[in-house]
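Order of appearance sets the numbers: ligands from 1, and atoms from 1 within every ligand. Just so we're clear, the structure is a prediction, and the values are computed from it rather than from any experiment.
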Amino acid sequence: MRKNIVAGNWKMNKNLQEGIALAKELNVALVADKPNCEVIICTPFIHLASVADIVDPAVLAVGAENCADKVSGAYTGEVSAEMVASTGAKYVILGHSERRAYYHENVEILAEKTKLALANRLKPIFCIGEVLEEREANKQNEVVAAQLASVFSLSPEDFSKIILAYEPVWAIGTGKTATPEQAQEIHAHIRSLVAAKYGSEIAENTSILYGGSCKPSNAKELFANPDVDGGLIGGAALQVADFKGIIDAFK
Ligand code: 13P
């Protein structure tokens, strides 16, 4: 059966010292009170090696927020999937709407990144989701279907390693959360697309996370939906009390 997962996305927050302190505090809290789900923190590149060293892998895993679409070489400023993996990170967020919007990452670039992540044994947390105008035009189902093209070229074996995250752009950092009904409806649609492509067994085993203004006060009702298998958390992942409150929604 698929796993329940709560993953934090720190985005461009926390300097190295602050990040280490946050990871330590979270690790202590989770060792003391074991989570009922998998917990991942996705941090800026510069934090990865230090944070991977601190966490107890029995309760907490580490991921990056991005990786390069090239193997290695003259790509100044880029960080490869192999480099990410060498820090001890096990996951990588790919296709976040902020990367799609501000850094022009498209279906083809994200297909390359996904392949390189998998080749380096990183599990992609692959993000999809529509913007407000697309939701208002009731186009969300076709938008997520088009975005999934980046991962639908994978072999069934490789696709089985992917975690999906549905993040409606209109809910990210806005305080406006999808209703549990909206989340369930589109998560079920996403699972049906996976089933049509890879069959029902792989679809049933794929974790689909919800992201967008998820907090301790709404996590339980979102995660209670049959097709919502946890969350990808931005702002509320930056304080242990809030993040732990969301993790505890699975208790
Ligand atoms: P917020 O939880 O801050 O809305 O961000 C969600 C997100 O983008 C996680 O990747």
Side-chain angles (χ1 to χ4, degrees), residues 4-14 18-19 22-23 26 37-45 47-48 51 61-67 84 89-103 105 110 113-114 117 122-132 134-135 140 143-144 147-148 150-151 162-180 182-183 186-187 190 207-223 228-250:
N4 290 323
I5 300 168
V6 173
N9 174 8
W10 289 6
K11 307 193 178 182
M12 197 170 74
N13 294 294
K14 305 286 178 192
E18 292 165 346
L22 175 59
L26 177 64
C37 59
E38 223 168 272
V39 183
I40 305 163
I41 44 176
C42 297
T43 79
F45 292 129
H47 298 62
L48 291 173
V51 168
V62 176
E65 301 173 14
N66 180 30
C67 70
V84 169
K90 304 286 183 214
Y91 296 85
V92 59
I93 295 172
L94 292 175
H96 193 281
S97 59
E98 289 148 18
R99 304 264 350 146
R100 292 176 191 267
Y102 309 145
Y103 304 99
E105 295 192 1
L110 291 170
K113 292 189 177 203
T114 304
L122 293 171
K123 280 185 184 234
I125 301 172
F126 191 82
C127 303
I128 54 179
E130 80 287 354
V131 299
L132 184 61
E134 291 163 337
R135 168 65 63 165
Q140 62 275 9
V143 170
V144 296
Q147 291 169 331
L148 282 169
S150 300
V151 289
I162 302 269
I163 297 162
L164 295 176
Y166 168 67
E167 299 205 309
V169 180
W170 46 270
I172 295 178
T174 58
K176 199 169 177 234
T177 318
T179 64
Q182 283 173 320
I186 192 151
H187 279 231
I190 293 164
S207 297
I208 308 176
L209 315 184
Y210 168 81
S213 298
C214 189
K215 21 185 202 273
S217 57
N218 60 26
K220 219 181 175 97
E221 56 175 7
L222 284 162
F223 300 170
V228 180
D229 308 310
L232 181 55
I233 318 301
L238 297 173
Q239 293 92 28
V240 170
D242 285 345
F243 195 50
K244 178 77 166 45
I246 294 170
I247 293 163
D248 288 347
F250 280 116

TODO: Examine the proximity of ligand 1 to A236 and report which part, side chain or backbone, both or neither, has a heavy atom under 4.0 Å away.
DONE: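 Answer for A236: neither.
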Open item on the list: Below a 4.0 angstrom heavy-atom separation, can you tell me which part of L232, side chain or backbone, both or neither, approaches ligand 1?
Closed with: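 Looking at L232 and ligand 1, atoms from backbone and side chain both fall under 4.0 Å.
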For [X], counting its heavy atoms only, list the atoms of ligand 1 lying under 4.0 Å from any of them.
X    : answer
A171 : 4 (O)
G212 : 4 (O), 6 (C)
S213 : 1 (P), 2 (O), 4 (O)

Open item on the list: For ligand 1, which is the ligand I care about here, please tell me if I172 has any N or O atom under 3.5 Å from one of the ligand's N or O atoms.
Closed with: no
Open item on the list: Tell me whether K90 at atom NZ has more than 12 heavy atoms from other residues, nucleotides or ligands lying less than 6.0 Å away.
Closed with: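 It does not: K90 NZ has 12 such atoms or fewer within range.
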Task: Heavy atom of the protein closest to atom 3 (O) of ligand 1 (residue, atom name, distance) - done: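 Of every protein heavy atom, G235 N, 2.8 Å lies nearest to atom 3 (O) of ligand 1.
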- [ ] Looking only at protein heavy atoms, identify the closest one to atom 2 (O) of ligand 1 and say how far it is in Å.
- [x] G234 N, 2.9 Å
TODO: To the nearest 0.5 angstrom, please state how far the OG atom of S207 sits from the CD atom of E38.
DONE: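 So the gap between those two atoms works out to 8.0 Å.
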Open item on the list: Side chains of E65 and H96 only: does a donor on one sit below 3.5 Å from an acceptor on the other?
Closed with: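 There is no such pair (donor and acceptor under 3.5 Å, judged by atom type) between the side chains of E65 and H96.
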Task: No-hydrogen, no-angle side-chain donor-acceptor test under 3.5 Å, E134 and W170 - done: no
TODO: May I ask which of E167, K11, H96 has a heavy atom nearer to atom 5 (O) of ligand 1 than the others do?
DONE: K11
TODO: Check S213 against G175 and note the closest heavy-atom contact, atom names and distance.
DONE: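 For S213 versus G175, the nearest heavy atoms are OG-N, 2.8 Å.
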Task: Nearest atoms (heavy-atom pairs only) where I247 meets C37 - done: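 For I247 and C37, the tightest heavy-atom pair comes out as CG2-SG, 4.0 Å.
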Task: Heavy atom of A165, distance to ligand 1 below 4.0 Å - done: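 No, A165 has no heavy atom closer than 4.0 Å to ligand 1.
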Task: Min side-chain heavy-atom separation Q147-R100 under 4.5 Å - done: yes
